[in-house]
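Order of the sequence lines fixes the chain letters, A, B, ..., with proteins taken first and strands second; residue numbering starts at 1 for each chain. Keep in mind that what you see is a predicted model, and the values were worked out from it rather than measured.
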Amino acid sequence: MKYRPQEIERKWRKAWDEAGVDRCPDALSAPKYYCLEMFPYPSGRIHMGHVRVYTIGDLLARFKRMRGYQVLHPIGWDAFGLPAENAAHRHGTHPAKWTWENIAFMREQLRQMGISYDWEREIATCSPDYYRWEQLFFLWMMKDGIAFRKRATLNWCGECQTVLANEQVNRDGTCFIHDQTPVTQKELDQWFLGITRYAEELLEGHRELAGGWPENILEMQRNWIGRSEGAEIRFPLADGDGEITVFTTRPDTLFGATFMSMAPEHPMTMEFARKSGREREVREFVGRVAGQDRAARTGEDQAKEGVFTGGYCVNPVTGNRIPVYAANFVLYEYGTGAVMAVPAHDQRDFEFAKKYGLPIVVVVQPEGEALDPASMPGAHEGPGTLVRSGEFDGMDSEDGKKSITRHLEGKGRGRATVQYRLRDWGVSRQRYWGCPIPVIHCEACGIVPVPEKDLPVVLPEDLPYTRERGNPLASAEGWLRVPCPACGKSARRETDTFDTFVESSWYFLRYIDPKNDRAPLDPEKMRRFGPVDQYVGGVEHACMHLIYARFFHKYLRDKGLAPGNEPFLRLLSQGMVCMQTSECPKHGWRYPEEVDENGACRQCGEKVNVGRSMKMSKSKRNVVEPSELIERYGADTARVFILFAAPPERDLDWSEQGVEGAYRFLGRVYRLVAQRAEAVASASPVWDDSAEVRRIRQATHRTLFKVTGDIEERFHFNTAISAVMEMVNILYLVEDPAWTAPATAGALREAVEILLHMLFPFAPHVGEELWARIGGEGLLCARPWPEADAALVREDQVEVVVQVNGKVRAKVTVGAGAGEEEVRALAMAETRVREHTAGKKIRKTVYVPGKLFSVVAN
RNA sequence: GCGAGAGUGGCGGAAUGGCAGACGCGCCGGAUUUAGGAUCCGGUGGGCAACCAUGAGGGUUCAAGUCCCUCCUCUCGCACCA
């Protein structure tokens, strides 16, 4: 009776498919539970990271179904993106063909894993049925002023011939695809979505998410949004009209502002230079800095550098004339692009002032210290008492922030404001394989939205893939020449496509209504199934995807489509899948199969160095192919190993021996039940009240109680499996005759039935198979989760630990309800307790009911 | 630098402030087998013991892996954001 997962798994997948048990009908017949895993990019093959997320999601989906919920558990494909175009360039395959073939292959892999998706709801974002609605949203956003065009300096990769998001620029300033190519800055007209309008709400929404989302993700989002409170202060120009507005979080240091720093890109920078005749020097500096890529410009230990623009402005409180500099560290995109420089109290300004010999004035004096500008080693950025600040002298610097801001407001020279680090979302990409942005450029009318009735703007299919780089759409003459919808003259389509994060910002809503061809989403259905109850995905999406999706959801809520304020009520961010690396001194990284059993390279026989466990990646060759794993051990083993080896949020160390262990466990369950299947099937559900029956039933119900809690409340799937393992161990110790004895057979049947229910979400195929073997009613997958009998879960006899001075000296067994006096009498009578308290005075005793009795004596 | 998380046997990992090391891997032994493998059963932190052990050191407590303080190491995120 050998466990043959391949046969079992194929058989039950087919049975479930035919019975349609994973479908989620539109009509609700039970409370809904929307369980969602982040959808994959169809890169070609499933990797272990996918196996982990989808296994975790499936466990929850299957469990919740048994718990009586109507579970919506969909899957789809994040199908637009650059890799398809790269593949096209390399192999001459059309991106669409490449993508759809990958989808077909990966769909089959997911099916083999036995993930219980409602495949009727499958979506692919590259399908016009999907992206047409995204184009519609964009038209709405244009009307609402949420989508707008702005000239912006963007990261540009000369190799890709396209803009890159900040996230796509490596730390060293190279392109995330071409890590040899430095990213440069380029000015382009781009489409933006006004996410900053929702900045405060995105922050505020964390209240709703607290508890349901991991704290570290919320923290990362808070940093990303980067709210800071401060003041806008207007500095009049010293010569002529006009003013410079700065943002500062330290209005309390205003009296110490001795010069001004401007972003090189700031329009006033060159204006000052022109007026003062310093155009040449300033232009040289501005040109050099503006052309620098992000990392070179903003790296931490980049030297502070600047140039005097020739202009002066006036400190509004001291009345002093202060010089205006252009400085490399001032960012045009943040705040107002101009900074009041307070060298005594800001390290950057301090370094800058030292370098260019600018005055340093101390205006915040820390307690018990006298700061001297000449000898200060660095800026004092902490709090203190205001000095040299006129009427504000002696005030605490915290109070000074408010007072000086109020003072400026009174004089009309400033006001309290809030700034965010979050920028508006640039969504234009110069790429072919993306959702076309539905606008038309007309020489006469300017930018004209494509009329709704003309949607979707479908990508042209017949593009020759001869161009090595750049955007093929820009040369698709037949496609881009269109009459202007406003004036009818010849015009050009927008050739940019959307950032693929736009597609992933609302796919979870479309799953609820995937086939609607009259509207993007049906509000009534959205209310029925939304929002997502449990989202599962990797931490790498903490800031981009998860913030964009929250923003999009809020916008669609404002349009009356999306339900509630937040799209994902709970988030589980699973850890990475890691494996140790092997490096051959001659051949570099080795795949596991390139190393023999003695730890030597199969190619040269040299001993390989075994490195620390790292995230599985092709480049390090420390990967295990999911399909090979499943072929060899079956999907159930893969699932059990993944869920058992580590709690979901932690990194998981891959171990071949661990996989073997999971396989062995399933074989053990299989043999236990299959060998006794007849006895179990013919047992009646009755039992006597013998100690043996009670022992079996207590083990059963206590395990059930623990497993239920571990899955439902704690998400501790590894301990749930260990509890099931313990129960299996107990059942193995039951003597053979008991399985057929009328007194015990019923209790054992109950035990096996409950065991299989508990096993099911982890290893559904073998669970279902054994359920059939014991003559179980219907399909196990459709059965309700059993309820633990509280009377059996409760202990009737408990062992109380007796401590003397903190050390365990005895154990006494008492009835569960035993009172302190009873326990004390038993405890103090114990020989070991008497030994350790002999000749000492009992100072104190503590009784923790049913657990522990502690004696303090000296 | 700032922020978050982690550090427990040979390994992965368990422990609402209450017997540290559940469960699994590995290892050791036994049964079965011609043999090996597979399977089933048992043992397995260190120490002969008193006892000692949760990164290091302090503290709170009758009681600390868990709470507090200082420090070390690792992982992740942010990083000239005014």
Are there more than 12 heavy atoms of other residues, nucleotides or ligands under 6.0 Å from atom CD of A:Q675?
yes

B:A15, OP1 or OP2 - any side-chain N/O from A:H716 closer than 4.0 Å?
yes

Candidates B:C23, B:C19, B:C81 - which lies nearest the side chain of A:L331
B:C81

A:Y548 and A:F501 aromatic ring geometry - parallel, tilted or perpendicular at 30°/60° bounds:
tilted

Lys/Arg N to Asp/Glu carboxylate O, A:R423 vs A:E333, below 4.0 Å:
yes

Using the side-chain heavy atoms of A:Q803, tell me which of these nucleotides is nearest: B:G24, B:C19, B:C78.
B:C19

Please report, rounded to the nearest Å, how far the C1' atom of B:C81 is from the CG atom of A:N328.
14 Å

Separation of B:C78 C1' from A:E219 CD (nearest whole Å):
10 Å

Between A:Y3 and A:Y663, how do the two ring planes meet: parallel, tilted or perpendicular, split at 30° and 60°?
tilted

For the pair made of CE in A:M579 and C1' in B:C11, what is the distance, rounded to whole Å?
16 Å

Out of B:C80, B:C25, B:G18, which has the shortest distance to the side chain of A:Q657?
B:C25

A:E726 has a side chain; which of B:A4, B:C81, B:C23 sits nearest to it?
B:C23

